[in-house]
Amino acid sequence: MSEAEPLRAVIARHGLSASKALGQNFILDRQLLARIAAIPGELDGANVYEVGPGPGGLTHALLEAGAKVIAVERDRRCLPALAELEAAFPDRLRVIEGDALEIDERSVVGAENPGAVHIVANLPYNVGTALLLRWLGGPWPPWWTSLTLMFQREVAERIVAAEGSEHYGRLSVAAQWRCEARIALAVHRSAFTPAPKVASAVVHLVPKEAPEGVGLAVLERVTAAAFGQRRKMLRQSLKSVPGALEALDELGIDSAQRAEVISVDEFVAVARRLS
Ligand code: SAM
């Protein structure tokens with residue numbers, strides 16, 4: 001692929017009709033792709049783990065920014081287009097055919113370089129959320145430096161929502177107990193080919209020093225119960241979680257409140273008591 005070749009032509013040349021089953025909505029605008037690739041910050045010489053490169057538009061932008069990229073793509077039809085990129089950027093791109101949900105990322109990315117890998121992905125919504133939770137739930141500090149992930153706008157808003165706001169919920173707590181999370185870029189649906197039904201947004205997450213002694217599984221058990229009945233008082237919604245009401249008492253958290261006003265730190269404190 002030459003630098004100037006429009007992505008539409010790359011896609012046509014390789015017969016990459018978008019697969020709905022694989023959640024394929026491609027971004028063809030190279031300016032927009034360059035803006036997304038700039039979100040993690042300076043990439044010259046940096047390592048990037050990209051999930052779902054597809055025809056390679058974002059991959060190309062990351063390589064142009066100077067990154068060394070390891071990319072995991074499930075759709076083997078995309079491999080010839082990505083092989084052209086590998087040839088155009090010698091020793092800078094490694095493409096792995098596989099399912100990002102199954103792959104042993106540490107062995108792929110290399111355990112010898114912890115904390116120096118930016119993860120960038122434009123993924124189908126369900127895969128993105130599953131991977132986000134996996135990346136948030138691992139040992140801390142994590143093996144990655146930052147996450148730059150495309151989501152449906154509404155999901156992005158849930159990730160960054162503050163307590164007391166409409167979108168605040170399980171995903172907000174899961175993301176914010178371990179990361180600073182912000183919406184870095186709103187992306188109109190027309191930026192994708194084919195255009196999805198809803199708007200998207202890129203979320204940028206940077207790990208922060210995380211509280212010790214809490215596991216994501218326990219935190220999720222508490223938030224799932226609390227937000228599962230978000231209109232109910234905690235003393236009702238957390239009944240099903242053994243020890244949770246006692247933890248609220250010990251922590252001086254009023255159990256007449258609803259989940260949506262409980263801060264991330266308070267949820268973490270409850271989970272720590274139960275861990
Ligand atoms: N990065 C390209 C872009 O921005 O135009 C493609 C984005 S498209 C929304 C999502 C890509 O993720 C597709 O190429 C799809 O085949 C790939 N994909 C979907 N599920 C995957 C999985 N579980 N593991 C790896 N890649 C996956």
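If you're wondering where the values come from, they're calculated on a predicted model, not measured in any experiment. Order of listing sets the numbers, starting from 1, for every ligand and every atom in it.
Using cut-offs of 30° and 60° for the angle between ring planes, the Phe227 and Tyr168 rings count as perpendicular.
No continuous path of hydrophobic side-chain contacts links Val198 to Val203 [ILVMFWY only; heavy atoms under 4.5 Å].
Within the 3.5 Å criterion, the main-chain N or O of Val117 finds a donor-acceptor partner in the side chain of Thr145.
Atom CD in Gln24 sits 11.0 Å away from atom CG in Leu123 (nearest 0.5 Å).
Atom CG of Asp91 sits in a sparse spot, with 12 or fewer heavy atoms from other residues, nucleotides or ligands closer than 6.0 Å.
A heavy-atom cutoff of 4.0 Å around ligand 1 is satisfied by the protein residues Leu22, Gly23, Gln24, Asn25, Phe26, Ile27, Glu50, Gly52, Pro53, Gly54, Val72, Glu73, Arg74, Asp75, Gly98, Asp99, Ala100, Asn122, Leu123, Pro124, Val127.
With salt bridges taken as basic N to acidic carboxylate O contacts below 4.0 Å, none links Arg30 and Glu64.
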